[in-house]
Every structure is written in structure tokens, then in C-alpha cells.
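Values reported hereafter were calculated over all heavy atoms of this structure, with side chains retained and with hydrogens, waters and symmetry mates removed.
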Amino acid sequence: MSRSCGKIEPEKNLVQAMTPTTPVLTDSKTLNEVLNSLTENLPIQTQGKCEQQNIFEILIRAATQRDSIENTTKVLKNVPTSNDIRYHLEKYSSANL
């Protein structure tokens, strides 16, 4: 970076390197990558309204917001209850011991 009149200005090469074709990682792309990785590597057998993707989305939100599963399920609409989430996590935990 070069300085001019006390302001920081980006180097011309850096600006030229940032083209419209430069891939950008968005929140939704990041979420999809994390969900894909979790479903491939940590399969959880589910039933009823509680789907594997729902479980992981709730866990990811709880972790990123530094919140509990209980509160996360209360804040979100049309998601399984915290008891449902814990039930399926317990099944996974018991199956992998």
C-alpha cells in the first residue's frame, strides 16, 4: 500500500488482481460447504420432521451465535424442538461408541 496525503491507497496491482472472476466466499456458500461436509462425514439417522440438515443448521447457528440448542430452536420457526435435536445426537453418540 502506498501513502498519499496521509490516506492509505491500495496498490494498483492489488486492485487489478481483484477482478469480477475472483471467487468470493459468501455466507450461504460457506454454510453449504459446512453442511455438505457434515452430512458426508457425520451421518445421523433421523426420522419424522427432524432431518439431518435441520440438525446441522441448528447446531451451526447455535455455535456461531454462541447460543444454546434450546434457545436456538425457540428463536427459529418450523424447526425440531431441542429435545428432538438432543435425541438424534444421542443416537449418533451411542452408535459411535
Side-chain angles (χ1 to χ4, degrees):
M1 300 229 165
S2 62
R3 292 189 174 258
S4 172
C5 299
K7 295 182 180 179
I8 298 176
E9 296 178 7
E11 295 287 339
K12 289 181 183 178
N13 292 338
L14 183 61
V15 172
Q16 290 172 349
M18 297 174 64
T19 64
T21 59
T22 302
V24 176
L25 191 59
T26 64
D27 289 349
S28 61
K29 286 181 183 178
T30 303
L31 177 60
N32 287 335
E33 288 298 319
V34 171
L35 286 171
N36 289 338
S37 180
L38 288 170
T39 54
E40 287 177 19
N41 296 298
L42 298 171
I44 297 176
Q45 297 298 320
T46 61
Q47 60 194 32
K49 179 180 167 183
C50 199
E51 295 179 8
Q52 185 176 5
Q53 183 167 340
N54 295 118
I55 293 171
F56 290 137
E57 287 173 344
I58 290 166
L59 294 175
I60 291 166
R61 186 183 189 285
T64 58
Q65 298 297 313
R66 296 183 178 173
D67 202 356
S68 66
I69 294 171
E70 179 79 24
N71 193 55
T72 299
T73 57
K74 286 180 182 177
V75 170
L76 300 175
K77 296 182 188 237
N78 299 322
V79 298
T81 67
S82 60
N83 287 340
D84 290 338
I85 301 295
R86 287 189 185 89
Y87 169 78
H88 285 87
L89 291 177
E90 181 62 33
K91 286 191 327 185
Y92 176 80
S93 177
S94 297
N96 291 305
L97 290 178

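Q53 contributes atom CD, which lies 7.5 Å from atom CG of L31 (distance to the nearest 0.5 angstrom). Going from atom CD of Q52 over to atom CD of Q45 covers 8.0 Å, rounded to the nearest 0.5 Å. Taken to the nearest 0.5 Å, the CD atom of Q65 stands 7.5 Å off from the OG1 atom of T72.
Clustering ILVMFWY residues whenever any of their side-chain heavy atoms sit less than 4.5 angstrom apart, transitively, puts V34 in the very cluster that holds V79.
Residues K91 and I44 are not in side-chain contact: their nearest non-hydrogen atoms beyond the backbone lie 4.5 Å or more apart. Inter-residue side-chain proximity for I58 and P80 is flagged as met; some heavy-atom pair is nearer than 4.5 Å. Contact check for E57 versus N54: side-chain heavy atoms found under the 4.5 Å cut-off.
K74 and E70 are joined by a salt bridge, as a carboxylate oxygen and a charged side-chain nitrogen come within less than 4.0 angstrom of each other.
Judged as a side-chain contact (heavy atoms from CB on, under 4.5 Å), and not counting sequence neighbours, the contacts of L59 are I55, F56, I69, I85, L89. Under the side-chain contact (heavy atoms from CB on, under 4.5 Å) criterion, T81 pairs with N83, D84, not counting sequence neighbours.
Between the side chain of N41 and the backbone N or O of S37, at least one donor-acceptor pair lies under 3.5 Å.
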